[in-house]
Amino acid sequence: MRLRNVPGSRDIIAESRFTIKNETEQKGKWNTVFGNDHPIHIEIGMGKGQFIMTLAAQNPDINYVGIEKYSSVLVRALEKQEIENLPNLFFIRMEAENIAEVFDEGEVDRIYLNFSDPWPKDRHAKRRLTSVAFLERYEKILKKEGHVIFKTDNRDLFDFSLEQVEEAPHWVLLNHTFDLHHSEYVEGNVMTEYETRFVEKGNAICRMEIMQGS
Ligand code: SAH
């Protein structure tokens with residue numbers, strides 16, 4: 001994500017009714033945040049929020065939490081949410097490494113990862129959101145039958161992710177494609193900001209869906 005500092009974005013986030021400030025205090029209590037028992041789907045690294053906002057509008061019976069570490073990006077999503085006022089969508093500004101402090105065991109029904117940072121250097125591999133280190137964190141919060149759905153145009157990151165799923169003791173690959181937009185999985189696909197840009201450039205989009213095995 002290109003980073004331009006947006007002055008005052010921290011204050012806007014602190015004051016918005018759509019952001020959760022004391023996120024670790026909501027652990028195990030997300031149903032009270034939303035005021036219902038609907039399933040919870042999260043997107044980690046949601047950027048400006050086009051994807052999660054489209055899903056939230058399409059699926060009023062699913063609760064969405066968008067997670068993003070940079071204020072300057074998150075404020076863009078907040079601006080849109082101020083207009084749309086979707087009751088089933090909240091945002092957290094946080095580093096995803098701490099995700100298991102925010103959601104309880106089995107509290108999350110689905111995790112979306114879209115165009116996650118590639119961290120190309122080997123020594124940063126653990127920071128990739130599909131590394132075994134992150135899969136272990138997802139295990140702590142995701143329902144047993146819950147899926148992680150990952151899209152990227154970065155073939156190296158995708159190949160790495162396939163290897164990590166293989167390597168991780170508790171994960172299975174349900175399906176994958178190296179060219180989403182010419183595959184059966186494109187039906188119902190919701191575009192992200194990055195995806196729109198990369199598809200226009202002619203890049204193939206990779207997608208995988210994984211879950212915890214027995
Ligand atoms: N999902 C959006 C943005 C992709 S760019 C889209 O597809 O258009 C990746 C985003 O993930 C950036 O906004 C970046 O700040 C965020 N991000 C990367 N690593 C993160 C982490 N560890 N915790 C929280 N957000 C992260």
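First listed ligand is number 1; within each ligand, the first listed atom is number 1. What you see is a predicted model, and the numbers here were worked out from it, not measured in a lab.
- At under 3.5 Å, a nitrogen or oxygen of Ala96, whether backbone or side chain, sits near a nitrogen or oxygen of ligand 1.
- By the ring pair (Phe, Tyr, Trp, His ring centres under 6.0 Å) test, Phe158 pairs with Phe178, sequence neighbours left out.
- Polar contact with ligand 1: present for Asn114 (N/O pair, distance under 3.5 Å).
- In this structure, Ile67 and Met94 have side chains that are in contact, with non-hydrogen atoms separated by less than 4.5 Å.
- Proximity to Thr192 (heavy-atom distance under 4.0 Å) selects the following atoms of ligand 1: 6 (C), 7 (O), 8 (O).
- When side chains are defined from C-beta on, Thr19 does not count as touching Phe90, because their heavy atoms never get closer than 4.5 Å.
- Each ring-ring contact (aromatic ring centres under 6.0 Å, His included) pair with one or both residues in residues 41-65, not counting sequence neighbours, appears once here: His41-Tyr64, Phe51-Tyr112.
- Classification of the Phe34-Trp30 ring pair by plane angle, with boundaries at 30° and 60°, yields tilted.
- Considering only non-hydrogen atoms, atom 16 (C) of ligand 1 lies nearest to Glu68 out of Glu68, Met191, Arg93.
- Listed by number with element, the atoms of ligand 1 under 4.0 Å from a non-hydrogen atom of Glu193 are 8 (O).
- Note on ligand 1: Asp117 sits in its first shell, one or more heavy atoms being nearer than 4.0 Å.
- Residue contacts with ligand 1 include Glu43, since one of its heavy atoms falls under 4.0 Å from the ligand.
- Atoms of ligand 1 lying under 4.0 Å from any heavy atom of Tyr70, numbered from 1 in the order shown and given with element: 15 (O).
- Checked by atom type, the side-chain pair Asn88/Asn63 shows no donor-acceptor distance below 3.5 Å.
- For the pair Arg110 and Ile62, the minimum side-chain heavy-atom distance is 4.5 Å or more.
- Between Gln50, Glu97, Met94, Arg197, it is Met94 that holds the heavy atom closest to atom 24 (C) of ligand 1.
- Residues Glu195 and Asn114 bring no donor and acceptor atom of their side chains to less than 3.5 Å of each other.
- For atom 1 (N) of ligand 1, the candidate residues are Gly45, Ser116, Gly47; the nearest heavy-atom contact is made by Gly45.
- For atom 26 (C) of ligand 1, the nearest non-hydrogen atom from the set Met46, Glu195, Arg127, Lys69 belongs to Lys69.
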